[in-house]
Amino acid sequence: MKRLLLIDGSAYLFRAYHAMKAQGREFTAPDGFPTAALHVVLSMLKAHLKEQPDYLAFVVDASGPTFRDALDPQYKAHRPPMPDDLRAQVEPMMEIVQALGFPILRVPGVEADDVIGTLALRAAEAGMTVTISTGDKDFAQLVRPGVALVNTMTGSRMADDEAVMAKFGVRADQIVDLLALMGDSVDNIPGVEKCGPKTAAKWLGEYGNLDSVIVNADGFKGKLGENLRAALHRLPLNKQLTTIKTDVELDVGPADLALRERHVEDLRRLYARYGFNQALKELGGDPAGEAAAEAAADRAGLRSTAAGYARAATGSADEAPDPALSAKGDYDTVTTRAQLDAWVSKLDAADEFAFDTETDALDAMQANLVGLSFSTEPGNGCYIPVGHTYPGAPAQLPMAETLDALRPLLESAKHRKLGQHGKYDLHVLRRHGVDVAGYADDTMLESFIWNSSATRHDMDSLAKRYLGYDTIKFEDVAGKGAKQISFAEVAIDDAARYAAEDADITLRLHRVLSAKLATEPSLEKVYREIEVPLVPVLARMEANGILIDADELRRQSADLSRRMLAAQQKATELAGRTFNLDSPKQLQALLFDELKLPALVKTPTGQPSTNEEALEAIADQHELPRIILEYRGLAKLRSTYTDKLSEMVNPDTGRVHTSYHQAGAATGRLSSNDPNLQNIPIRTEDGRRIRKAFIAPPGRKLVACDYSQIELRIMAHLSEDAGLLRAFAAGADIHRATAAEVFGKPLDEVSGNERRAAKAINFGLMYGMSAFGLAKQLDIGRGEAQDYIALYFNRYPDVRDFMERTRKEAHERGYVETVFGRRLYLDNINARNQGLRAGAERAAINAPMQGTAADIIKRAMIAIDGWIADHADQAKMLLQVHDELVFECDADFVDTLIPEVKARMAAAAELRVPLVIDAGVGDNWDEAH
DNA sequence: CCTTCGGCGTAC
DNA sequence: GACGTACGCCGAAGGC
């Protein structure tokens with residue numbers, strides 16, 4: 001008997017993509033092209049080829065509408081657009097399938113399902129044995145003698161009614177009715193509300209088919225009965241939509257679908273292009289050319305991950321992961337002096353070693369050391385417990401003796417050290433008397449520089465993404481939630497496996513990531529010259545902390561509380577009842593349902609918004625909105641700032657120590673948390689008062705130095721626009737100068753409103769703002785806003801060219817870069833969805849400016865840190881707020897500090913415009929502005 | 001009980 | 001739909 005295999009190609013690619021996403025696995029070709037879904041599909045195809053079917057076809061959806069769209073305009077209407085990194089893999093998949101010799105079927109007007117259904121039935125009628133390879137449950141309706149389903153991703157098989165019954169509780173011929181009742185949220189087919197597979201199967205069991213259910217609908221009891229009756233009119237249409245057609249007119253029959261000879265040269269080219277090294281090897285022949293030119297790290301990474309996938313897809317392990325990078329390590333637990341000495345010698349002899357600390361707290365400024373781990377080669381490692389305290393804990397080396405033995409290594413710049421988020425470990429060791437030098441590499445930063453758009457750069461994610469390795473998680477050894485214990489209470493054996501693995505994996509990740517960076521010199525330079533040297537600088541700033549006047553904050557909290565209470569009472573009075581002023585949901589019900597005020601603004605989810613804009617819009621119709629705005633402003637200040645900041649004062653130092661996140665913002669900016677000191681209010685009087693609580697100790701001053709208009713200057717530099725360059729060279733008030741140019745007036749005749757408009761345009765441009773946005777910002781008509789923009793571009797034509805150039809570059813290359821070569825990949829830049837694409841274009845325009853500014857201030861910080869080290873008693877660098885640096889210094893050192901700092905900030909970049917720095921001095925941060 | 005998400009608002 | 005990058009508060013919903 002002849003065998004026919006029909007592969008549901010589109011559905012597989014889609015499911016493969018999401019399965020890999022869910023696992024958090026990243027597969028890329030050597031050039032970064034996404035290949036995760038391709039790996040899955042290729043593996044599936046190879047598995048099917050081994051089965052040697054007589055006939056086979058790879059069936060995919062054609063583009064354009066199908067008959068189902070005509071039946072129901074809502075069909076698949078809410079389906080999100082195909083993600084870019086999946087869309088990109090479609091054509092490569094088709095090329096590979098073609099080259100492998102598979103017949104490909106693509107029929108317009110129907111879906112792949114219908115083509116498969118038609119061929120399956122015709123073949124079965126002709127006496128063939130048909131296998132449909134799919135991940136889509138709807139195909140169960142086709143199961144019958146001679147037609148079976150397989151899902152290679154789960155390994156499941158459905159060959160007869162018995163199997164269908166086991167899975168769905170109905171026979172194959174009842175599947176369509178089941179689907180009609182349930183509906184399908186993905187395809188936007190509304191079924192009976194609250195009727196899932198169980199209920200639908202129960203009804204069909206009782207009544208046999210959908211028609212009987214419909215006829216007897218009046219007899220169904222309860223809420224479900226109501227829901228059924230409400231859905232009755234839909235059900236026949238649902239049935240049409242979910243029925244797979246079996247009578248499509250095709251110009252091929254099953255017997256035309258023989259495997260053709262594969263095209264080896266095409267395959268070799270495709271496998272090399274997309275980094276399928278194992279497949280390339282199996283192809284035999286000359287492995288030279290592109291494949292051999294790949295970085296060793298990419299080979300190792302891909303081979304191990306591809307093997308992992310092949311197991312998932314076919315259920316058989318036909319290749320072991322690369323042992324060097326994916327195998328479990330073998331680790332020592334060091335508890336004797338002799339073992340310690342042996343490891344000290346081993347570390348001393350290594351070119352570079354990875355280290356990690358274990359502590360009893362997340363806050364680096366409070367955590368106590370519990371143990372240290374090290375690794376010198378992939379697979380080796382040790383854990384040195386020094387602070388485990390649980391009852392019955394075995395004897396451990398004394399902490400002081402251990403640190404003394406390690407100190408020469410850790411404090412020597414000659415011994416290169418490597419970590420994952422090493423800033424934390426630098427803090428812990430410093431607070432235990434070890435001043436680490438020679439911190440040379442950080443895998444978190446390597447990953448961040450390699451691709452700053454990836455959201456996670458923690459070790460567990462990196463191990464999974466780049467090594468295909470599942471690490472032991474913190475919660476595996478210490479538990480989580482209420483049951484979580486301190487690391488000091490973790491059994492030493494468990495702690496050793498976890499901690500030594502951290503050092504080992506850090507080392508393995510470095511092997512992979514440093515090789516990747518070596519292929520991109522500009523990225524490596526940003527990493528080596530900016531990010532790595534910045535680590536100890538940030539650690540010092542965090543350790544310095546800033547002094548807080550806690551009494552002042554408490555007074556402000558009390559004042560805010562009083563005013564909040566007054567607002568609350570007034571609001572209750574106006575509403576005629578109590579409600580939670582903090583709850584947008586209750587507020588929405590009150591304002592728009594009860595008081596019937598107009599809902600003029602909607603949230604992204606379509607609900608009436610209660611945000612500032614919405615409340616302002618109805619403030620002339622009722623007193624309540626104004627009171628709520630008042631309350632909100634006060635509540636924000638108290639909850640986020642005055643209450644929180646006093647809580648965050650470190651009891652040992654009397655200061656707050658923010659933590660800077662170096663791999664936080666995709667543009668390269670730092671972010672700040674615990675507490676965030678980069679969003680302390682400044683614009684309103686009430687808000688600005690909070691800055692009075694950031695103080696210098698007696699005899700000292702706070703000095704704030706900020707770059708004047710740095711992002712606009714970078715725009716002038718990048719665009720080389722003569723008008724803008726001239727304005728900055730003249731040292732003019734740039735917004736006034738812009739207004740003078742745009743409105744064609746002398747500088748001193750520019751009105752306040754004209755300057756305001758020019759400022760809005762200047763900023764708006766850097767954010768990719770449209771005429772619509774500008775009109776809203778300035779509260780003017782859209783036409784007028786368009787006129788302003790036209791005038792602006794007329795005066796500064798090279799700015800427009802620059803924006804267009806940036807957009808084009810982003811589309812062509814998929815990324816944009818800063819003056820120093822830092823990259824930002826834009827995942828949505830070629831998205832079909834216009835909103836996503838437009839958002840990516842705006843990000844593309846903004847990133848070179850925001851990112852270059854970030855590069856510049858980071859370079860300045862490194863330079864200033866080098867200078868200030870020699871004046872540590874007189875001055876300290878405390879804070880960075882994107883374009884501003886805050887220092888604390890002796891009152892009589894201010895006049896020395898300011899010119900030294902200014903000089904280094906100005907020299908941090910050579911642009912076509914001067915970098916201008918403003919400085920202020922005061923007893924508190926407010927005064928220093 | 002804990003986590004996640006939506007809505008909102010602060011900074012540059 | 002309409003202005004880029006963050007962090008973090010609160011309430012509400014949902015999972016365990």
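Heavy atoms only: backbone and side chains are in, while hydrogens, waters and symmetry mates are out. Everything numeric here is computed off the predicted structure, so don't read it as measured data. In the text below, chain A, chain B and the rest are named by the order of the sequence lines, each starting its count at 1.
Checking C:dT5, B:dG9, B:dC12 against every side-chain atom of A:Val881, the shortest atom distance belongs to B:dC12. Distances were taken from every side-chain heavy atom of A:Asn679 (C-beta onward) to each of C:dG4, C:dC7, B:dG7; the shortest belongs to C:dC7. Comparing atom distances between the A:Asp582 side chain and each of B:dG9, C:dG11, C:dG4 picks out C:dG11 as nearest. Between C:dA2, B:dT10, C:dT5, one nucleotide has an atom nearer to the side chain of A:Phe772 than all others, and that is C:dA2. Distance from the side chain of A:Pro584 is smallest to B:dG7 among B:dG7, C:dG4, B:dC12. Which of B:dG7, C:dC9, B:dA11 sits closest to the side chain of A:Gln607 comes down to B:dG7.
Neither OP1 nor OP2 of C:dT5 sits under 4.0 Å from any side-chain N or O of A:Gln678. Between A:Lys585 and C:dA13, a side-chain N or O to OP1/OP2 separation shorter than 4.0 Å is present. Between A:Ser583 and the phosphate of C:dC10, there is no side-chain N or O to OP1/OP2 separation shorter than 4.0 Å. Between A:Ser609 and B:dC8 there is a side-chain polar atom (N or O) within less than 4.0 angstrom of OP1 or OP2. Close to B:dT10, at under 4.0 Å from its OP1 or OP2, lies no side-chain N or O of A:Thr640. Contact annotation: A:Arg683 does not reach the phosphate of B:dT10 (side-chain N/O to OP1 or OP2, under 4.0 Å). Close to C:dG11, at under 4.0 Å from its OP1 or OP2, lies a side-chain N or O of A:Asn580. Put simply, A:Arg669 has no side-chain N or O that comes within less than 4.0 Å of OP1 or OP2 on B:dC12.
Residue contacts shown for A:Glu884 are absent, as no nucleic acid heavy atom lies under 4.0 Å away. Within 4.0 Å of A:Lys776, counting heavy atoms only, lies no atom of the nucleic acid at all. Within 4.0 Å of A:Ile682, counting heavy atoms only, lie sugar-phosphate atoms of the nucleic acid but no base atom. Residue contacts shown for A:Ala854 are absent, as no nucleic acid heavy atom lies under 4.0 Å away. Residue A:Phe763 is out of contact with every strand shown, counting any heavy-atom pair closer than 4.0 Å. Among the atoms of the strands shown, only primed sugar atoms or phosphate atoms (P, OP1, OP2) are found under 4.0 Å from some heavy atom of A:Glu612. Contacts of A:Gly835 with the nucleic acid, taken as non-hydrogen atoms under 4.0 Å apart, are absent.
What separates OH of A:Tyr767 from P of B:dA11 is a distance of 12 Å, to the nearest Å. In this structure, A:Glu475 places its CD atom 13 Å from P of C:dC16, rounding to the nearest Å. Rounded to an integer number of Å, the gap from CD1 of A:Ile857 to C1' of C:dA6 is 15 Å. Here the P atom of nucleotide C:dC7 and the NZ atom of A:Lys636 are 13 Å apart, to the nearest Å. Atom CG in A:Leu677 sits about 14 Å away from atom C1' in B:dC12, given to the nearest Å.
For the pair A:Ala666 and A:Gly768, both in contact range of DNA chain C, the more 5′-proximal nearest nucleotide belongs to A:Gly768. Taking for each of A:Asn673 and A:Glu711 the nucleotide of DNA chain C with the nearest heavy atom, the 5'-most of the two is the partner of A:Glu711.
The six-membered or imidazole ring of A:His735 lies near that of A:Phe763, with a centre-to-centre distance under 6.0 Å.
The number of heavy atoms from other shown groups lying within 6.0 Å of CD (A:Glu193) does not exceed 12. Within a 6.0 Å sphere centred on NZ of A:Lys776, other residues, nucleotides and ligands contribute 12 heavy atoms or fewer.
In this structure, the salt bridge (charged side-chain N to carboxylate O under 4.0 Å, His left out) partners of A:Asp643, at least two apart in sequence or on a different chain, are A:Arg638.
Here the side chain of A:Gln586 pairs no donor or acceptor atom with the backbone of A:Phe579 at under 3.5 angstrom. Of the possible donor and acceptor atoms, one in the side chain of A:Ser452 sits under 3.5 Å from a partner among the backbone N and O of A:Ala666.
Just one residue in the list A:Arg689, A:Lys692, A:Arg691 forms a salt bridge (charged side-chain N to carboxylate O under 4.0 Å, His left out) with A:Asp926, and that residue is A:Lys692.
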